[in-house]
There are 2 protein chains.
Amino acid sequence: MSTAPATSSRDLPHPAGADIRLEAVLHALSDPMRLQIVRELAAAEDELTCSQFALPVTKSTTTHHFRVLREAGVIRQCYRGTAKMNGLRRDDLDDLFPGLLDALLAAADRQAARLGG
Amino acid sequence: MSTAPATSSRDLPHPAGADIRLEAVLHALSDPMRLQIVRELAAAEDELTCSQFALPVTKSTTTHHFRVLREAGVIRQCYRGTAKMNGLRRDDLDDLFPGLLDALLAAADRQAARLGG
DNA sequence: CGCTTCGTACGATAGCCATCGTAGTACGCC
DNA sequence: GGCGTACTACGATGGCTATCGTACGAAGCG
């Protein structure tokens, strides 16, 4: 009876592209944990489940960080079975702020190379 | 007797270029008030005194925001008489994170154009 | 149906932070 | 020296937030 798609029934609130605020994006990325998540997502070129990230925090905290990223408009989330898939909102971000995401990722890579070896 | 330069005697602590952290920069810019300060500084192409900014907060709070920006390595401050001059650390930031500052400023301009006019 | 896996919700806690007001310091000028 | 200007320091306060633990819900699998 329902018209729900086959992938899932639970749906998650995302801000519309026009509602994404630069300050919120910057705040989301100003946390080391979340910056790391975004870097891994960008490197993956594909969607990843929450549990594929080996973060040094509990699952509760991980959920919190993913929600902050989603509500800031940085990532898109959807359920697929028991797993929750995460993907960068590259298209929306590039549309709103051309070049910003690439510059941020490049800066993060550069800093990681400089500090991490 | 002293070897102090003519401009001032009070000196302010700035992080060295190598100590500037991306997360701190993003955190500094994630506050609307501070983002506004940086935008005005970038537009000015010159140093500005603290009192040239018409921010809707008290002077105490203004001082606080300028300090956060300075300690994050975003701006450089020095005294000139009673005035405190503020300038973007464009060279250091471009050296550490090429293209990042321009992308951030462009994103802020774009959002201002989209929302404010 | 039970079991497991994955993730959420909720409450608690501790720390940070934006803001203010007041009192004070440094400098230039008369 | 005395005055005004520009900014600071300090304490207070209310709000946000990163973190945790425990209890719960949803989907798949036997």
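Reminder, nothing fancy here: chain letters follow the sequence lines and each chain counts from 1. Since we're looking at a predicted model, the values are computed, not measured.
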Self-check item: Length of the CE-P vector between A:M85 and C:dG7, whole Å
Solution: 9 Å
Quiz item: Which residues pass the side chain to side chain donor-acceptor pair (under 3.5 Å) test with A:S51, sequence neighbours left out?
Solution: A:T49
Self-check item: Nearest-angstrom distance from the residue atom CD of A:E47 to P of C:dC6
Solution: 18 Å
Quiz item: For residues B:E40 and B:Q52, is any side-chain donor paired with an opposing acceptor at under 3.5 Å?
Solution: no
Quiz item: How long is the gap from CZ on B:R80 to CE on B:M85, to the nearest 0.5 Å?
Solution: 5.0 Å
Exercise. Measure from CZ on A:F66 to P on D:dA18 and round the result to the nearest Å.
Key: 14 Å
Exercise. Answer with yes or no whether the side chains of B:S60 and B:T63 bring together a donor and an acceptor at under 3.5 Å.
Key: no
Quiz item: What is the distance, rounded to the nearest whole Å, between atom CZ of A:R80 and atom C1' of C:dG7?
Solution: 16 Å
Quiz item: What is the distance from atom CZ of A:R90 to atom CG of A:L105, rounded to the nearest 0.5 Å?
Solution: 6.0 Å
Self-check item: Whole angstrom value for the distance that separates P of C:dG7 from CG of A:L55
Solution: 12 Å
Quiz item: Rounded to the nearest Å, what distance is computed from the CG atom of residue B:L12 to the P atom of nucleotide C:dA26?
Solution: 13 Å
Quiz prompt | Per-nucleotide protein contact string for nucleotides 12-25 of chain C (B base, S sugar-phosphate only, - none; heavy atom under 4.0 Å) | solution = -----SSBBBB---
Quiz prompt | Straight-line distance of A:D95 CG to A:R89 CZ, nearest 0.5 Å | solution = 11.0 Å
Practice problem: Establish, with yes or no, whether the OP1 or OP2 oxygen of C:dG7 is under 4.0 angstrom from a side-chain nitrogen or oxygen of A:S51. | Solution: yes
Exercise. Return the value, rounded to whole Å, for the distance between atom CG of B:L48 and atom P of D:dC7.
Key: 11 Å
Exercise. Name the nucleic acid region contacted by A:T49, choosing base, sugar-phosphate or nothing; use a 4.0 angstrom heavy-atom cut-off, strictly under.
Key: sugar-phosphate
Practice problem: Grab the CZ-C1' distance between B:R67 and D:dA9 for me, whole Å please. | Solution: 8 Å
